[in-house]
Amino acid sequence: MGLIHIDLFTTLDGVAQAPGGPDEDPDSGFAFGGWQAPLWDEVVDAQVDSGMAGMDALLLGRRTYDIFAAYWPQADGDIARLFNRLPKYVASRQTPTVDWAGSTLLGPDVVAAVRGLRDRHENIHVIGSLDFVQTLFAERLFDRLTLWVYPILLGNGKKVFADGVVPTNLRLIEPVAASPKGAVLQRYALADGTPGVGDMGAIDQTG
């Protein structure tokens with residue numbers, strides 16, 4: 001069974017809206033589009049490249065799909081070549097036209113359609129797509145969560161964990177790594193069960 005990876009760039013206070021550019025997602029008057037650009041460095045660049053190893057499908061929400069489809073077919077480089085040749089699946093509440101080569105619009109039962117993709121691909125990556133990601137969180141329909149956490153606070157904007165989260169255990173699967181400009185890479189795997197509870201007073205804290 002294939003893995004569904006969620007890959008997100010986020011601020012320290014959890015804002016993941018429009019990291020790439022001013023016009024990416026101006027919803028609700030968001031004034032910080034492109035906040036990631038001043039903090040991008042060669043370490044993040046290498047991490048992003050290595051994180052795409054084995055990717056064999058893209059799964060995107062409608063807004064992110066439109067942004068990608070307007071940019072990547074005209075771009076050059078390794079990422080452009082990868083994205084342009086991969087099959088791309090689009091989750092949308094409407095029935096838009098998807099003209100980017102290799103694109104397929106998922107049906108009205110998105111959850112069932114996404115589950116079916118696991119039988120067709122080994123490593124399916126969801127990039128951005130914040131509204132759609134809330135559905136995946138609510139359904140526990142992901143296997144890996146990769147966060148690049150940047151050392152800024154924005155105070156408002158669409159959040160990684162907005163309103164679709166259910167109690168979930170995650171397991172850190174590699175050491176946390178920091179870039180020269182302060183981005184911290186965290187990779188998690190979905191773990192069994194739900195978070196446990198306890199009593200700190202019963203724990204020996206004498207060292």
Side-chain angles (χ1 to χ4, degrees), residues 3-27 30-61 63-86 88 122-134 136-137 142-162 165 170-190:
L3 302 178
I4 296 174
H5 303 250
I6 297 175
D7 304 329
L8 296 170
F9 303 109
T10 175
T11 67
L12 195 59
D13 58 334
V15 175
Q17 184 171 350
D23 300 322
E24 185 176 314
D25 182 3
D27 272 9
F30 185 66
F32 293 99
W35 55 262
Q36 181 189 27
L39 298 169
W40 189 273
D41 57 36
E42 68 280 359
V43 170
V44 173
D45 194 65
Q47 290 170 343
V48 170
D49 283 347
S50 66
M52 294 183 183
M55 180 191 301
D56 62 351
L58 275 172
L59 174 59
L60 304 170
R63 184 187 295 273
T64 299
Y65 174 82
D66 286 346
I67 293 167
F68 279 25
Y71 177 79
W72 289 112
Q74 290 77 42
D76 195 13
D78 292 342
I79 293 178
R81 285 188 287 272
L82 175 66
F83 285 0
N84 286 325
R85 71 171 173 79
L86 287 180
K88 292 159 279 282
E122 293 296 322
N123 289 288
I124 306 153
H125 283 249
V126 184
I127 301 174
S129 307
L130 281 178
D131 292 339
F132 174 50
V133 160
Q134 304 312 309
L136 300 181
F137 286 148
F142 68 98
D143 304 282
R144 300 287 185 268
L145 174 62
T146 298
L147 300 175
W148 283 268
V149 183
Y150 287 80
I152 55 173
L153 305 172
L154 294 183
N156 61 65
K158 296 179 183 178
K159 301 293 183 73
V160 172
F161 305 111
V165 177
L170 300 174
R171 175 173 54 86
L172 192 67
I173 56 176
E174 64 180 54
V176 171
S179 77
K181 292 188 177 180
V184 177
L185 171 62
Q186 304 170 31
R187 292 194 196 277
Y188 298 96
L190 183 67

In Å and rounded to the nearest 0.5 Å, what is the [atom1] to [atom2] distance from [X] to [Y]?
| X | Y | atom1 | atom2 | value |
| --- | --- | --- | --- | --- |
| Asp143 | Leu136 | CG | CG | 10.5 Å |
| Ile4 | Leu145 | CD1 | CG | 12.5 Å |
| Thr10 | Tyr150 | OG1 | OH | 10.0 Å |
| His5 | Asn123 | NE2 | CG | 3.5 Å |
| Tyr65 | Ser129 | OH | OG | 12.0 Å |

Donor-acceptor contacts under 3.5 Å from residues 70-80 side chains, at least two apart:
{"unit_1": "Asp76", "atom_1": "OD1", "unit_2": "Arg81", "atom_2": "NH1", "d": "3.0"}
{"unit_1": "Asp78", "atom_1": "OD1", "unit_2": "Arg81", "atom_2": "NH2", "d": "2.7"}

Inset, instruction - Let me see the working for Lys159 and Val15 under side chain to side chain contact (heavy atoms under 4.5 Å, CB included), right down to the final yes or no. - result: CA-CA 4 Å; Lys159 301 293 183 73; Val15 175; 3.5 Å; yes
Legend entry - Least distance between heavy atoms, Ala183 atom then Pro151 atom: N-CD, 4.1 Å
Legend entry - Closest contact, heavy atoms only, Leu8 versus Gly128: CD2-O, 3.4 Å
Inset, instruction - Look at the rings of Phe161 and Phe137 and say which category their plane angle falls in: under 30° parallel, 30 to 60° tilted, over 60° perpendicular. - result: tilted
Legend entry - Side-chain (Thr146) to main-chain (Asp7) donor-acceptor, under 3.5 angstrom: no
Legend entry - Sub-4.5 Å side-chain heavy-atom contact between Asp25 and Phe30: no
Legend entry - Sub-4.5 Å side-chain heavy-atom contact between Leu59 and His125: no
Inset, instruction - Might you work through the side chain to side chain contact (heavy atoms under 4.5 Å, CB included) test for Ile127 and Phe68, ending with a clear yes or no? - result: CA-CA 10 Å; Ile127 301 174; Phe68 279 25; 3.9 Å; yes
Legend entry - Residue pair Leu153, Thr11: steps toward the side chain to side chain contact (heavy atoms under 4.5 Å, CB included) verdict: CA-CA 6 Å; Leu153 305 172; Thr11 67; 5.9 Å; no
Inset, instruction - Any salt bridge (charged side-chain N to carboxylate O under 4.0 Å, His left out) involving residues 178-187? Give me the pairs, sequence neighbours left out, ordered by first then second residue. - result: Glu174-Arg187
Inset, instruction - Could you note down all residue pairs passing salt bridge (charged side-chain N to carboxylate O under 4.0 Å, His left out) where residues 34-47 supplies at least one of them, sequence neighbours left out? - result: none
Set of residues satisfying side chain to side chain donor-acceptor pair (under 3.5 Å) with respect to [X], sequence neighbours excluded:
| X | result |
| --- | --- |
| Trp35 | none |
| Gln134 | none |
| Gln186 | Tyr188 |
| Glu122 | none |

Inset, instruction - Only pairs at least two apart or in different chains count here, so list each side-chain hydrogen bond (donor to acceptor under 3.5 Å, both in side chains) that has a residue in residues 47-59. - result: Gln47-Trp148
Inset, instruction - Only counting residues at least two apart or in another chain, list the ones meeting side-chain contact (heavy atoms from CB on, under 4.5 Å) with Arg171. - result: Ile173, Ala189, Ala191
Inset, instruction - Just jot down the side-chain contact (heavy atoms from CB on, under 4.5 Å) partners of Ala178, sequence neighbours excluded, or say none. - result: Val184
Legend entry - Qualifying residues under salt bridge (charged side-chain N to carboxylate O under 4.0 Å, His left out), relative to Asp27, sequence neighbours excluded: Arg63, Lys158
Legend entry - Set of salt bridge (charged side-chain N to carboxylate O under 4.0 Å, His left out) partners for Asp23, sequence neighbours left out: none
